[in-house]
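Here's the structure we're looking at; comments come further down.
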There are 2 protein chains.
Amino acid sequence: MSPEHDLPNGAEQRQRVTSRDVAAAAGVHQSTVSRVLNGDQRISNNTRKRVEATAEQLGYVPSKRAQNLRTRRSGVVGVMVHDIDNAFYLSLLSDMHRELSAVGYSIVLIVDPLHRRSDISRMRHLFDDSLDGMLITTAMIDSEIPPALRARGMPLVLAVRSMPDLDVDTVESDNVAAGREAARHLVALGHTDIAVAMGPKETSTTRDRLRGVLDVIQTELPPDRVMHGPYRHETGYAMCRRLMMGERPPTAIIAGNDVMAIGVLDSAWRTGLSTPEDLSVLGFDDIPMAAWQAINLTTVRQDSKAIAEQAARRLVDRIDQPDSPPHHDIFPVSLTVRATTGPPRAKHPRN
Amino acid sequence: MSPEHDLPNGAEQRQRVTSRDVAAAAGVHQSTVSRVLNGDQRISNNTRKRVEATAEQLGYVPSKRAQNLRTRRSGVVGVMVHDIDNAFYLSLLSDMHRELSAVGYSIVLIVDPLHRRSDISRMRHLFDDSLDGMLITTAMIDSEIPPALRARGMPLVLAVRSMPDLDVDTVESDNVAAGREAARHLVALGHTDIAVAMGPKETSTTRDRLRGVLDVIQTELPPDRVMHGPYRHETGYAMCRRLMMGERPPTAIIAGNDVMAIGVLDSAWRTGLSTPEDLSVLGFDDIPMAAWQAINLTTVRQDSKAIAEQAARRLVDRIDQPDSPPHHDIFPVSLTVRATTGPPRAKHPRN
DNA sequence: TTGTACGCGTTATCAG
DNA sequence: CTGATAACGCGTACAA
């Protein structure tokens, strides 16, 4: 970026109005102006009115930069998300924003690329003092950033995904229960050959949902029935292709989340399979799109709004009370049955 | 939020390491530390090494807050978007983030609620000096914020939507051409009764696309064939319902954007209509979802990546050169024909 | 009720 | 090549 241009050139016309200017114009001291604007009670109504009037008239707005330095707070929290193309993370972001801006915080976006490891050196700016706290939705089991931030004393909340080895405020769904619900539903329908097309092994969501599924199935899944990959549409697409082109395609696929499940559906439909007759498909999250007529996906609902709001509240509390013991909030999930799951077709060789 | 707690209580343990601490430990003056970390050339290799070593060892990170005050720059730009549930705005945000963070800027999210007017008093924080610039994607023809920001000398770029009365950097698609492409396609297929289910009247996108459509149709559309509403899925859904339940349903609907078009499709399919036999549907943007098998929407593509990147570059330039003349970039669009448009069914009364 | 004085942690200018 | 010193614009204890 350009260095500071030396003094009175073009750009300098728009000098800011400072509290000193207001003070001079109102015939009081700068500190009085400061007091008035901070609602100090012991200011006479008279001067308060006068100061407020001249401030208004001069169009004075206090310098956030100076306030930040002085108060050692910035009123800004970072929210770490992945490359954003998942409706779940979007509404999460939006809900967090509503909750945080209501209490005076702004949000800066920290994008943790889904594909490549976010090394700590590229994230130096998280360690300057520009943020009052961080909300992290992209934690992996072995992420380096969260422990590093914690060691630095940065107020921190993990949302959606947890880290077993890190004792910080965490807000997530009961993903083991989610996995169980999913598997129970399919087993109850009569499926015996279920494949799982999950997200990355290193995430707590994947690990927990998978554990829930295995709890119910009660038997190890053969290796070709368990796949892992990024939480993306195209991952689901590719996994479904691989599974259904194989020797003995499964009768049901549990996808890592709705976006992947829709990728699975997209692939299935494109190759002429119909759901649920040829294949049952089930996701997690219940993003709005899952309810659309054209998709109509059976899924295990996760309450993203509750998670977002609770995580935001926990962060605000943590900033105010850095030393209180961490909380771990777990929200319930619920199965929503729609049109992509049904009994498997009676057994006979497909031609 | 909590006031500053008086001194040496709990939270104060984690005092920041300052350049003074480093200076003391390295046996130099604080200003030397500053010079080393800013890569000043006239520092002896000897002391440079020593200072860098002790800085590293003490875990020193320069205070952004102090830098901001001193340099009068924050390295933060605001990006104004609507309540985020449109994939188009999401990828826009993500692309802008990539481009801006590459040159050292952070992004703070400003959410302009889609439903209620964002009055200027609720947006006071845009006028403190915490932002180096603003990228606005939510401009309406009569928005108050952009002119107010401009009057204050805030570097400003309008992306996606323009404001005819405001002479600032603007980056948008050729929406008139987009409207023409849409109408030409349907007319060529033989449609003569086309309805438009557009976005808000007060947006340049709506206004321009509608103008393009009328250019081609060459006749005024009857009032019941033109509808306006927020750019949302449910708006498209409701409009389709109203249109198709009426006396003489149209044979084609041009929707304001893809999200609305998908709402239209959702409604049509839910009531048993099939596309394109009973109804042709066409959108704008070409969001990724439009290409999914389950949707397969004919749409006029808008190059959101190019717009995002160009807008980001323009803003960076504007911040560096506040007084250069504004640019107006217009990107071409292109029709993508998929499965939701076709010839109208031969005329006979529906039963 | 208000003015005085100082410091938040840097960057930048001026000496030496 | 490096040290001393002055801002940047505010909040706040202390004095009056």
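Please read these numbers as outputs of a predicted model, since none were measured by experiment. Just so it is clear: chains get the letters A, B, ... in the order the sequence lines come, proteins before strands, and each one is counted from 1. Computed from heavy atoms alone, side chains included, the values below leave out hydrogens, waters and symmetry copies.
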Which part of the nucleic acid does [X] contact within heavy-atom distance under 4.0 Å: base, sugar-phosphate only, or nothing?
X	answer
B:S34	base
B:S31	base
B:R20	base
B:R35	base

Using the side-chain heavy atoms of [X], tell me which of these nucleotides is nearest: [options].
X	options	value
B:H29	D:dT5, C:dG9, D:dT12	D:dT5
A:V28	C:dC8, C:dT10, C:dG3	C:dG3
A:R42	C:dT11, C:dT1, D:dC1	C:dT1
B:T32	D:dT2, D:dA6, D:dT12	D:dT2

TODO: Take the protein atom CG of B:D40 and the nucleotide atom C1' of C:dT13, then report the distance between them rounded to whole Å.
DONE: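 Spelled out: CG on B:D40 to C1' on C:dT13 is 12 Å.
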
TODO: Return yes if a side-chain donor-acceptor contact under 3.5 Å exists between A:Q67 and A:R70, otherwise no.
DONE: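 No.
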
Open item on the list: Can you see whether A:S63 engages B:D129 through a side-chain donor-acceptor pair at a distance of less than 3.5 angstrom?
Closed with: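 Judged by distance alone, the side chains do pair up.
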
Task: DNA chain D: 5'-proximal contact among A:N38 and B:Q30 (nearest heavy atom) - done: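 The residue whose closest nucleotide sits nearer the 5' end is B:Q30.
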
